[in-house]
Amino acid sequence: MPNKNYILEMFPYPSGNIHMGHVRNYVIGDICARYHKLKGDEVLHPMGWDAFGLPAENAAIQFKTHPRDWTLSNIDNMKSQLQKLELDLDWDRELATCNEDYYRYQQELFIDLYNAGLAYKKDALVNWDPVDQTVLANEQVIDGKGWRTGAKVEKKTLSQWFFKITDYAEELLSDLDKLKLWPGKVKTMQKNWIGKSTGAEINFKISNKNEFLNIFTTRPDTIYGATFIAVSINHPIVAKYQTKTEIENIRREFEKVDTEKEKVGFRLNIDCDHPIVNKKIPVYIANFVLDTYGEGAIFGCPAHDERDFQFAKKYSLPIIKVIDCDDNALPFTETGTLINSPLLNGLNKDDAIKKILIFLEKKGIGNEKINFKIRDWGVSRQRYWGCPIPVIYYEDGSFRVLDKSELPVLLPYDVDLMGKGNALLNLDKWRKIICPQTKKIAFRETDTLDTFVDSSWYYIRFLNNKLDKPFDREQVNKFLPVDKYIGGIEHAILHLLYSRFFMKALRDIYDLKVDEPFEQLFTQGMITHKTYKTKNNEWVMPKEVISKDGNLLREKTKEIIEEGPSEKMSKSKKNVIEPDEILDNYGIDATRIFMISDSPPDRELEWTDEGIQSSKNLVNRIERYFSQEMTDLKNDTEKKVEKFVHDIEKNILNFSLNKCVADIYTLFNYLEKEKVYLSNSMLSNKIIICLFPILPKLSLSLNKFLFKSSEINEWPSIKLELLIEDKINLPIQINGKLITTILTRKGYEEEEILHKVYQLDKIKLKIKEKKAIRVINVQDKIINIIIS
RNA sequence: GCGCCAGUGGCGGAAUGGUAGACGCGCUGGUCUUAGGAACCAGUGGGCAACCGUGGGGGUUCGAGUCCCUCCUGGCGCACCA
C-alpha cells in the first residue's frame with residue numbers, strides 16, 4: 001500500500017489575477033507533490049477558491065457587475081493563469097466556496113454545530129466596521145482597526161451568531177505541543193491569543209445591598225492591599241447605577257485621553273465590602289479596565305500594580321504595601337514575602353495564593369479560576385456575498401434553525417447592491433416566507449457567515465467534492481490530517497485557529513479520529529521588489545525605469561527616478577511583477593527556479609532581473625549539456641551523481657529548496673569542468689528524474705529526447721556505499737588553528753599519520769624546538785597538535 | 001514594556017562543536033562573436049606580509065559562526081490581559 005500524502009497550499013481569494021506570491025506558494029507545494037509522486041506516494045494535491053467575501057460586493061458597486069459574475073469570471077481567469085504554470089494539481093477536486101454544492105453542506109455543518117451546542121445566538125457588544133458595514137470577529141480587529149479596511153472599529157450591541165470556540169480553548173492550547181512540525185512562532189502567537197491564566201474569581205459584596213461584583217485576579221495573594229474596585233464602562237453594573245446620558249458623557253471623557261498614558265475614572269456611587277478586612281472600598285469606572293477580559297472588573301492593589309498605582313495617585317486612594325519591599329520600589333510587582341496580611345504574613349506568593357483560596361472557598365465568596373483571553377467566534381456578517389445562515393425568525397421574535405431536509409438556503413441572485421448595508425435585508429421576496437412546519441409567517445436570517453467559516457473545512461471537502469453530504473467519515477480518517485500545509489504567515493491566528501477548532505468540533509460531532517487538521521505547516525516568505533518614485537512622490541513601475549549614465553530615468557518622460565528599499569510587492573507602490581509576463585519571457589522552469597533559488601523558502605525573496613535571468617541561463621545550460629555526445633565516465637562520476645540524488649532528496653524533504661538549486665549547479669559545474677557528458681546513460685536518467693520536481697518541463701523534454709519516453713521513472717534508490725569517501729583531506733591544526741591539510745585514506749593509523757604530519761614543512765616550521773604536549777585525533781575528521 | 005527570531009564578503013545566502021564563506025548574483029581580466037540579457041576560461045573576505053577575519057565584550061572547550069553570560073542593532077509578534 002502506498003503512503004497517503006496530502007499536500008495543500010492555502011487556496012486563493014479570486015481577486016482577479018494571480019500574483020507572484022501565489023506563484024511562490026504553489027511552486028513550493030508543487031515541488032513537494034511531484035517528488036512524493038515519484039516516490040510512489042498516493043498524493044492529494046487539490047486547489048480551490050475562497051470565493052465569498054466583500055471585495056466582490058465592492059467590485060459590484062464599482063463596476064456595476066454582480067458579485068457572482070465578477071467572482072466566477074475571476075476564477076476563470078485565475079484558473080487559466082494557474083494552468084499556464086502547469087502545476088500538478090488535481091483539478092477534479094476543484095471547489096469554490098460560493099457555489100451551492102459547497103455552501104449547502106456548510107449549512108449542514110452549521111446545523112450540526114447548533115445541535116451540538118456549539119453555535120448560539122446572543123446579544124453582544126461587537127466590533128462594527130463602519131466602512132464595510134459589518135461586524136468583525138475579535139481576531140479580525142488589529143489595533144482597534146478593521147483588518148481589511150483599516151477603519152476604526154466601533155462597539156455596537158447586536159444580536160449575533162457565535163461559535164463556541166471557548167469550549168475548546170484548553171485543547172487548542174495544549175494540542176499546540178503535538179504540532180511538532182509547525183513553526184514555533186505561529187504556535188506562540190496562538191498561545192498568546194488563547195491567553196490562559198490561572199488565578200481566582202472573587203465575589204465582592206456591594207455594601208448594604210444583596211448584590212455581588214465578581215472580579216478575576218491572578219494575584220489573590222495581594223487581597224489585603226485592595227483599596228478600590230474598578231470596572232469597565234461596559235460592565236452591567238454601570239448601567240444599573242448610572243443613567244444613559246451619564247454613561248455617554250463618561251465615554252466621551254474616556255475617549256479624550258490616551259489610556260496608555262493616563263488612567264482616569266469616575267466614582268460609581270456604591271462601595272464594596274472588603275472580603276476579609278472589615279472596611280468599605282470605593283468602586284470606580286476606569287478607562288483602563290478591559291470589558292473583554294476576565295469579568296470586566298478588577299480590584300485595585302496600588303502598591304503592587306503599575307496601573308493601579310497610577311490610578312491611586314491620581315485619586316488619592318490609600319496605598320497599602322502587602323509584599324515586603326523597599327518603599328521606593330513601589331509599585332513593586334514582583335513576588336516576595338507577604339506582610340500586613342494577617343492570614344498570610346510570612347508566606348511566599350504561591351503559598352499565600354493556596355491559603356487565601358481555601359479561605360475564600362470556605363466563605364463561599366471566591367474560588368480558583370482559569371481564565372482565557374479568547375472569546376467566542378462571532379460569525380454573523382451583515383453582508384450579501386456569503387453563506388446564508390439556515391435560520392428563520394417568527395413574528396414573535398423566536399427563531400428556528402432549519403432541518404437539513406429544508407436545505408439548501410440559496411443565496412438569491414437578484415439583489416440591489418446599490419443601497420446601504422446588507423442587500424438581503426431589503427429583499428422581502430426572499431426574506432419573507434411561510435414556515436413549512438408551522439405555516440406561520442417567518443423571515444429568513446439575513447446575516448451571512450464569516451468567510452473564515454468557509455475556509456475552516458475546505459480541506460475536508462477536497463476529499464470528495466461531489467459527495468451529497470459534507471464529507472465521508474472513512475475518507476476523513478484515511479486522508480487527514482493534511483501532511484504539508486503551505487501558506488503565508490498572515491493566517492497564523494485567524495484561519496489556522498478557526499480550522500483547528502472546526503476539526504475538533506467535527507471530530508466530536510462525527511466521532512472522527514483526527515485531532516488536528518494540519519500535521520506540518522510551512523509558512524513561505526513574501527516576495528519583495530525595489531520601489532521607484534519620481535521627485536513628485538509618484539510611484540513608478542519597475543519596467544518603466546531605465547538606467548542611463550548612472551542615473552535611473554523614467555523611460556517615457558526622462559524624469560529622474562529615486563530607488564527605494566525593497567518592499568512587499570503591492571499595487572499601491574507599483575513594485576509588482578506580473579506572473580504572466582514572466583512566464584511569457586522566461587518560461588515555467590526558469591520561473592520555478594527563481595522562486596526557490598535566492599533565499600530559503602520561509603524567508604523574503606527579493607525579485608531581481610538578474611535573478612530571473614540567471615535562472616533562465618541555468619535551464620538553457622542544462623539543455624545544452626544534454627545535447628552533447630556521450631563521453632567516458634571519470635572515476636568519481638557515479639559517486640557525484642549519487643550524492644546529487646541524495647542531496648536533492650534531503651533538501652526537498654527539509655524545504656531547503658534554495659539548496660536544491662545549489663545542488664544542481666554543483667553537479668553541472670562538475671560535469672562540465674570534467675567534460676563528462678552522459679547523454680542517454682543510466683546516470684542521465686537518474687539526474688533527469690531528480691530534476692523533474694523542480695524543472696518538470698525541461699525534464700520531460702529531455703526524457704523524450706534522450707529516452708524516447710513520456711514517462712518519468714520512479715525516484716532512484718541511493719547506493720549508500722558510493723557516498724562514502726575513502727580518501728579525505730585531513731585538516732591539521734596546531735593549538736586549534738588550521739595549518740595545513742593532508743590527503744589520506746579513511747581509517748588511517750594515528751601513529752602512521754602523525755609521522756607523516758611531522759615531516760611537513762609547515763608543521764616543522766611551527767613546532768621548531770617546541771614540544772607537542774598533546775595530540776587530539778578525531779578519527780577521519782581532524783588532528784589538533786597542542787604545543788607548549 | 002514583555003516575548004521570540006536574526007546579525008557571516010559588495011549582495012542573496014552555505015556550514016551534525018572540527019578546513020568559515022558551498023552555491024548564486026555582482027565585479028575584474030581574458031577568449032569567441034557583426035552583435036548579445038548569450039557562451040567559455042581565470043580570478044574575487046581583508047592585509048605587501050606575518051597574520052586578521054562570522055555585530056561588541058567576556059566565558060566554556062584541544063577546538064566556537066555554532067554552546068553559555070552580557071551589551072548593541074534590526075525584524076516580527078503581543079501589548080493596560082489585572
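Every chain is numbered from 1 and lettered A, B, ... according to where its sequence line falls, protein lines coming before strand lines. Only heavy atoms go into these numbers, but all of them, side chains included; no hydrogens, no water, no symmetry mates. Because the structure is predicted, anything quoted here is derived from the model rather than measured.
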Between [atom2] on [N] and [atom1] on [X], what's the gap in Å once rounded to a whole number?
X	N	atom1	atom2	result
A/E139	B/G77	CD	P	17 Å
A/K191	B/C81	NZ	C1'	14 Å
A/I648	B/C23	CD1	C1'	12 Å
A/K643	B/A22	NZ	P	15 Å

If you check every side-chain atom of [X], which of [options] has the closest atom?
X	options	answer
A/N784	B/C81, B/U19, B/G18	B/G18
A/P731	B/U19, B/C23, B/C78	B/U19
A/K185	B/C62, B/G26, B/C76	B/C76

Do you know the tightest heavy-atom contact between A/I215 and A/E295?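 Smallest heavy-atom distance, with atoms named: C-CG, 3.8 Å.
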
Is it true that A/K196 and A/E170 have a side-chain N and a carboxylate O under 4.0 angstrom from each other?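 Counted as a salt bridge, because a side-chain N and a carboxylate O are separated by less than 4.0 Å.
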
Is any side-chain N of the basic residue among A/K543 and A/E578 closer than 4.0 Å to the acidic one's carboxylate O?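 No.
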
Euclidean distance for P, B/G45 against B/U31 (whole angstrom):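 Taking atom P in both B/G45 and B/U31, they lie 24 Å apart.
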
Using a 4.0 Å heavy-atom cut-off, write out [range] from 5' to 3' as B (base contacted by protein), S (sugar-phosphate only) or - (no contact).
range	result
nucleotides 44-53 of chain B	-------SS-
nucleotides 35-42 of chain B	--BSSS-S
nucleotides 8-17 of chain B	----SSSSB-

Keeping to residues at least two apart or across chains, list the side-chain hydrogen bond (donor to acceptor under 3.5 Å, both in side chains) pairs with something in residues 737-747 of chain A.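 Residue pairs passing side-chain hydrogen bond (donor to acceptor under 3.5 Å, both in side chains), neighbours aside: none found.
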
For A/Y532, what residues pass the ring pair (Phe, Tyr, Trp, His ring centres under 6.0 Å) criterion, not counting sequence neighbours?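 Applying ring pair (Phe, Tyr, Trp, His ring centres under 6.0 Å) to A/Y532 gives none.
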
Looking at residues at least two apart in the chain, or sitting in another chain, which of them share a side chain to side chain donor-acceptor pair (under 3.5 Å) with A/D291?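 By the side chain to side chain donor-acceptor pair (under 3.5 Å) rule, A/D291 matches A/N234.
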
On the 0 to 90° scale, with breaks at 30° and 60°, tag the A/H495-A/H491 ring pair as parallel, tilted or perpendicular.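 It falls in the perpendicular class, over 60°.
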
So, A/Q310 side chain and A/E262 main chain: donor-acceptor pair closer than 3.5 Å or not?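 Checking the backbone N and O of A/E262 against the side chain of A/Q310, no donor-acceptor pair under 3.5 Å is found.
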
Is B/G43 syn or is it anti, if syn means the base angle is within 90 degrees of 0?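 Classified anti.
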
